[in-house]
Amino acid sequence: MEQGFISLDSIPGDFDLQSTIESGQSYMWSRDDGRMYEETPAYGGTAWYYTAFSRPTNGEPSVVRVRQHDHRLEWEATFDARDALVQLLRLDDDLEAIISETVDDSLVRTAYETYRGMRLVRDPPFPTLISFICSAQMRVSRIHGMQRALARKFGDTIKFDGMTYHAFPTAEQLATATESELRELKLGYRAPYVASTAKMVAAGEAHPEDAIGMDYEAAREYLTRFVGVGEKVADCVLLFSLGYLEAVPLDTWIRGAIADHYPECDRGSYAETSRAIRERFGGTYAGYAQTYVFHYLRANESPSE
DNA sequence: TATCCAAGGTAAGTT
DNA sequence: AACTTACCTTGGATA
């Protein structure tokens, strides 16, 4: 086992591991008490989180554990995970500068202040594509549960430090899944979407990362070729995996925020409303404002309000 | 205890 | 292009 820590003393805009991981943008991580997305941490924000994946560099199945403690990000892994963590958790973002370049209104400011240090994630493309296909009409905790079920059934098993971990399946592994197998994992009507998309990627017909480099709206359009991916899911993949920080996924919570706080941004169609709210949130880093508002409303606004 | 409802939407069919 | 409708499942709200 390798281990180390990343000092958070002088990171611009601070860093908050719990809100970054549990804000509904990433489904790659689990908390080691098994209660992620269900209850607040049992240890005052210093819980260990783990993720298992095949390393992009050599395909080697790997495990990373991480926790935030005493202004440090402590990690234990099957390899030197420092660079991977900087990438995954966007520790290279100048969050202070980003916030100063986005809109300053009461809703966004409150969200920034409440979850100070929350960062966007830079998750791997294929798992992000699949998890947000699964996200349609589904609660955050159940989306997370689906991804764990997919990993258990179709992913690599990795032993590390006396524990057994399950990596998210590769496209090739998930392409072997039948629709009925996926329905048994409670994916519901998303099962055929996941099966089709996994087969498309495994066959080399298209890859989500092919969108990198395209103009934002062209990239969003490109991703809709995957079955089960519409404009909203495409925006999530662009924002949480492919580095398009201007993307503003228009989900139920953001649509509610538009109705309550930015009614002039409702232009009817997804594309036009997206442009309007993106501009309102400050353009280049509008996705940061989106994710803060999403997390703030979901955590603080009761469903009936 | 039974019923209802909405959850980080999308695809397919109509107008 | 804009509008409708069907779609799995289930935790939590309501009767």
Side-chain angles (χ1 to χ4, degrees), chain A residues 19-28 35-39 111 115 118 120-121 123 127-150 177-198 200 208 217 220-241 244 247-260 266-275 277-278 281 286-305:
Chain A
S19 58
T20 298
I21 287 183
E22 298 198 30
S23 49
Q25 43 167 333
S26 176
Y27 297 93
M28 306 294 109
R35 309 183 103 164
M36 182 177 182
Y37 295 134
E38 294 170 16
E39 296 182 19
Y115 297 105
M118 184 176 82
L120 285 171
V121 294
D123 276 339
T128 305
L129 181 66
I130 296 300
S131 42
F132 280 94
I133 288 172
C134 290
S135 76
Q137 297 288 107
M138 196 47 57
R139 287 170 211 282
V140 168
S141 62
R142 287 199 58 207
I143 301 165
H144 188 257
M146 289 179 192
Q147 309 319 303
R148 299 290 77 76
L150 290 174
T178 64
E179 178 182 332
S180 65
E181 282 178 312
L182 295 174
R183 283 182 185 269
E184 284 172 18
L185 298 183
K186 308 303 181 187
L187 267 65
Y189 65 75
R190 303 152 198 81
Y193 300 165
V194 168
S196 297
T197 289
M200 286 176 69
E217 291 194 356
R220 187 174 67 195
E221 168 63 25
Y222 178 85
L223 292 177
T224 62
R225 71 187 50 209
F226 296 105
V227 183
V229 178
E231 292 169 301
K232 187 270 171 184
V233 168
D235 267 333
C236 289
V237 176
L238 291 175
L239 181 59
F240 304 135
S241 178
Y244 286 77
V248 178
L250 299 183
D251 57 74
T252 52
W253 291 99
I254 294 301
R255 287 180 183 280
I258 290 171
D260 294 345
D266 184 357
R267 307 291 168 85
S269 74
Y270 188 101
E272 293 297 325
T273 303
S274 173
R275 274 179 208 153
I277 193 68
R278 186 163 71 254
F281 278 170
Y288 253 101
Q290 188 275 358
T291 299
Y292 270 89
V293 168
F294 170 84
H295 184 46
Y296 176 78
L297 292 179
R298 201 176 66 84
N300 295 283
E301 191 174 276
S302 60
S304 55
E305 284 182 89

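What you are looking at is a predicted structure, and each value in this text was computed from that prediction instead of being measured. A note on names: the letters A, B, ... follow the listed sequences, proteins ahead of strands, and every chain is numbered from 1.
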Chemist: Rounded to the Å, how far apart are A:Glu221 CD and B:dT10 C1'?
Modeler: 14 Å

Chemist: Write down the distance between OH (A:Tyr27) and C1' (B:dG8), rounded to a whole number of angstrom.
Modeler: 6 Å

Chemist: Look at the side chain of A:Tyr189 and decide which nucleotide, out of C:dC7, C:dT10, B:dG8, has an atom nearest to it.
Modeler: C:dC7

Chemist: So what does A:Lys232 hit on the nucleic acid, given a heavy-atom distance under 4.0 Å: a base, only sugar-phosphate, or nothing?
Modeler: base

Chemist: Is it the case that A:Asp251 and A:Gln290 place a side-chain donor and acceptor less than 3.5 Å from each other?
Modeler: yes

Chemist: Could you please name the partner base of C:dA1, counting Watson-Crick and G-U wobble pairs only when both distances are under 3.5 Å?
Modeler: B:dT15

Chemist: Between atom CH2 in A:Trp253 and atom P in B:dG9, what is the gap in whole Å?
Modeler: 11 Å

Chemist: If you look at every heavy atom in A:Val194 and A:Cys134, which pair is closest and at what distance?
Modeler: CG2-SG, 3.9 Å

Chemist: Within this structure, what is the CD1-to-C1' distance between A:Ile133 and C:dC8, rounded to whole angstrom?
Modeler: 16 Å

Chemist: Name the closest nucleotide to the A:Ser135 side chain, picking from C:dA2, B:dG8, C:dC8.
Modeler: B:dG8

Chemist: Counting only distance, no hydrogens or angles, is the base of C:dT9 paired donor-acceptor with the side chain of A:Arg142 under 3.5 Å?
Modeler: yes

Chemist: By the 4.0 Å heavy-atom rule, please label A:Glu184 as base, sugar-phosphate, or nothing.
Modeler: nothing

Chemist: Counting the atoms with a prime plus P, OP1 and OP2 as sugar-phosphate, which does A:Ser23 contact under 4.0 Å by heavy atoms, base, sugar-phosphate, or nothing?
Modeler: base

Chemist: What contact category does A:Gly228 fall into here, base, sugar-phosphate, or nothing, at under 4.0 angstrom with non-hydrogen atoms?
Modeler: sugar-phosphate

Chemist: Check the geometry between A:Phe294 and B:dG8 and answer yes if their rings are stacked (centres below 5.5 Å, planes below 30°), otherwise no.
Modeler: yes

Chemist: In whole angstrom, what separates A:Glu179's CD from C:dC7's P?
Modeler: 13 Å

Chemist: Students often get this wrong, so: under 4.0 angstrom with heavy atoms, is A:Glu231 touching a base, only sugar-phosphate, or nothing?
Modeler: sugar-phosphate

Chemist: Please state whether the phosphate of C:dG11, meaning OP1 or OP2, lies under 4.0 angstrom from any side-chain nitrogen or oxygen of A:Arg139.
Modeler: no

Chemist: As a test of reading the structure: which of C:dA2, B:dG8, C:dT10 is closest to the side chain of A:Arg298, going by heavy atoms?
Modeler: B:dG8

Chemist: Select one nucleotide: of C:dT9, B:dG9, B:dG8, the one nearest the side-chain heavy atoms of A:Met138.
Modeler: C:dT9

Chemist: Across the strands shown, which category fits A:Arg190 at heavy-atom distances under 4.0 angstrom: base, sugar-phosphate, nothing?
Modeler: base

Chemist: Nearest to the A:Ala136 side chain among B:dA6, C:dC8, B:dG9, which nucleotide is it?
Modeler: B:dG9

Chemist: Just the rounded figure in Å: distance from C1' of C:dC3 to OH of A:Tyr270.
Modeler: 19 Å

Chemist: Heavy atoms under 4.0 Å, any strand shown: does A:Phe226 hit a base, just sugar-phosphate, or nothing?
Modeler: sugar-phosphate

Chemist: In whole angstrom, give the distance that lies between atom CD1 of A:Ile143 and atom C1' of C:dG11.
Modeler: 14 Å

